[in-house]
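Heads up, the thing below is written out as structure tokens.
As a basis for the values below, the full set of heavy atoms in this structure was taken, side chains included, without hydrogen atoms, waters or symmetry mates. Proteins get letters first, then strands, A, B, ... in listed order; numbering begins at 1 in each.
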2 protein chains.
Amino acid sequence: MINASEPGGLILELQSATHATLHALAGRLAGLDLNASEINVLANLADGLSRSIGELASATATKPSTLTSILDRLVRKGHVTRELDPADRRSFRVSLTADGRRAADASREAMGDLEAAALATIAAADIAGFRAVASALTELAR
Amino acid sequence: MINASEPGGLILELQSATHATLHALAGRLAGLDLNASEINVLANLADGLSRSIGELASATATKPSTLTSILDRLVRKGHVTRELDPADRRSFRVSLTADGRRAADASREAMGDLEAAALATIAAADIAGFRAVASALTELAR
DNA sequence: TATTGTTATACTCTATAACTATA
DNA sequence: TATAGTTATAGAGTATAACAATA
């Protein structure tokens, strides 16, 4: 058991929580044939807006070179399209297909269910605190 | 930018924070020639107690088969020892060497510094809230 | 028979650098 | 010349199953 009060304990707890949620998510979405990276990309596209590779890379904290293969698979599975941006023909716009929209909605829903289950007994103020700390940690590496 | 209020947003924010802190940590510990997994194992051993492979696996949320190669490297680098447990000769006790103790302390210190920097402007109540939510998410997948 | 950990295999992520096409 | 993204390459994490040794 991690003692989060010790120096560094908060970060260890953060990593444990991420591992646990990724694992739980993969289980709940097993029927969709999606891995964690694919789920992450789809969830980021779930608002229906298109994104460039660079935008997706910073949203998912991956490199463009990593996204290449993830997007190749998502295109092959019919979940997203990758189309040349007419306004800047060096870059692409990545968008959900109708199928991808369903998978993205299912991903967000599974994440939402997981959150609801985990947060059932947690006070709203604590959730706000979680967001404040997670944001602060995220901003660090920018 | 992630909207953590939407369903699933909290989990996306959690993943971003983990990526960001791992990246920042790797940078601060670049001189130690340790990667994220190795740091995680050392930080878990930082209390000076020995652990079996199975205990380490659940503490770090990795599989024993993944730990094999991580521990091989840590042994080769002289940071840990892996000795047969006399009480149960199927299993090992993993312990820090003197060198490993220094690396583990440096890892926890770097994590502590990172936390201190990120949390400088965060209220204690918010930090408590973060811990409550992270614990709840971690417990989910157990 | 069940459990601990290693080994083998196949797939994926990660980082970096070289490269192409476009700006 | 600089930027967006792909390709190539090498090292590492992941899951699973088969395996040896021990319980």
Worksheet entry | Residue list, salt bridge (Lys or Arg N to Asp or Glu O under 4.0 Å) with A:D72, at least two apart or on another chain |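 In terms of salt bridge (Lys or Arg N to Asp or Glu O under 4.0 Å), with neighbours along the sequence ignored, A:D72 is linked to A:R82.
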
Discussion item. I need the residues from residues 28-43 of chain A with at least one non-hydrogen atom less than 4.0 Å from DNA chain C; give them sorted by number, or say none.
Written reply: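 Those residues are A:N35, A:S37.
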
Worksheet item: Using a heavy-atom distance cut-off of less than 4.0 Å, which residues of residues 49-57 of chain B contact DNA chain C?
Response: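 B:S52, B:I53, B:G54 - these, ordered by number, are the residues of the stretch whose heavy atoms sit under 4.0 Å from the strand.
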
Practice prompt. Check DNA chain D against residues 78-88 of chain B and give the residues with a non-hydrogen atom under 4.0 Å, in numerical order.
Written response: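 B:D88, in order of number.
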
Worksheet item: Taking DNA chain D as the partner, which of residues 89-97 of chain A come within under 4.0 angstrom of it by heavy atom?
Response: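 A:R90, A:S91, A:F92 - these, ordered by number, are the residues of the stretch whose heavy atoms sit under 4.0 Å from the strand.
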
For the residue pair [X] and [Y], establish whether any side-chain heavy-atom pair is separated by less than 4.5 Å.
X: B:T60; Y: B:N44; result: yes
X: B:L32; Y: B:I39; result: no
X: A:F92; Y: A:D85; result: no
X: A:E13; Y: B:S135; result: yes
X: A:L22; Y: B:Q15; result: yes

Worksheet item: Are B:D105 and B:R108 close enough for a salt bridge, meaning some N to O gap below 4.0 Å?
Response: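 Result for this pair is no, no salt bridge flagged.
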
Item to complete: Give the rounded distance in Å between these two atoms: CG of A:L71 and P of D:dT6.
Response: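 It works out to 7 Å between those atoms.
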
Worksheet item: Rounded to the nearest Å, what distance is computed from the CG atom of residue A:L22 to the P atom of nucleotide D:dG13?
Response: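 Between P of D:dG13 and CG of A:L22: 16 Å.
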
Practice prompt. Determine: side-chain N/O of A:H19 to OP1/OP2 of D:dG13, distance under 4.0 Å, yes or no.
Written response: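 Negative; the distance criterion is not met.
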
Discussion item. Less than 4.0 angstrom between a side-chain N/O of B:T68 and OP1 or OP2 of C:dT6, yes or no?
Written reply: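 The answer is yes; a side-chain N or O of B:T68 sits under 4.0 Å from OP1 or OP2.
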
Atom [atom1] of [X] and atom [atom2] of [Y]: how far apart are they, to the nearest 0.5 Å?
X: A:H79; Y: A:L34; atom1: NE2; atom2: CG; result: 5.0 Å
X: B:L74; Y: B:D99; atom1: CG; atom2: CG; result: 11.5 Å
X: B:L14; Y: A:H19; atom1: CG; atom2: NE2; result: 11.0 Å
X: A:L137; Y: B:L114; atom1: CG; atom2: CG; result: 7.0 Å
X: B:T21; Y: B:M111; atom1: OG1; atom2: CE; result: 8.5 Å
X: B:F130; Y: B:L119; atom1: CZ; atom2: CG; result: 8.5 Å

Discussion item. B:E55 vs B:R93, test: salt bridge (Lys or Arg N to Asp or Glu O under 4.0 Å). Steps then yes/no.
Written reply: CA-CA 10 Å; B:E55 288 165 349; B:R93 304 304 302 175; 3.8 Å; yes

Practice prompt. Measure from the side-chain N and O atoms of A:E38 to the backbone N and O of A:R73, and report whether any donor-acceptor pair falls under 3.5 Å.
Written response: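 No: the side chain of A:E38 does not pair with the backbone of A:R73.
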
Practice prompt. Under 4.0 Å between any heavy atoms, over every strand shown, what does A:L67 touch: base, sugar-phosphate, or nothing? Just pick one.
Written response: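 Answer is nothing: A:L67 stays at 4.0 Å or more from every strand.
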
Under 3.5 Å between N/O atoms: give me all the protein pairs with nucleotides 15-19 of chain C, atom names plus distance.
unit_1, atom_1, unit_2, atom_2, d
C:dT16, O4, A:S65, OG, 3.1

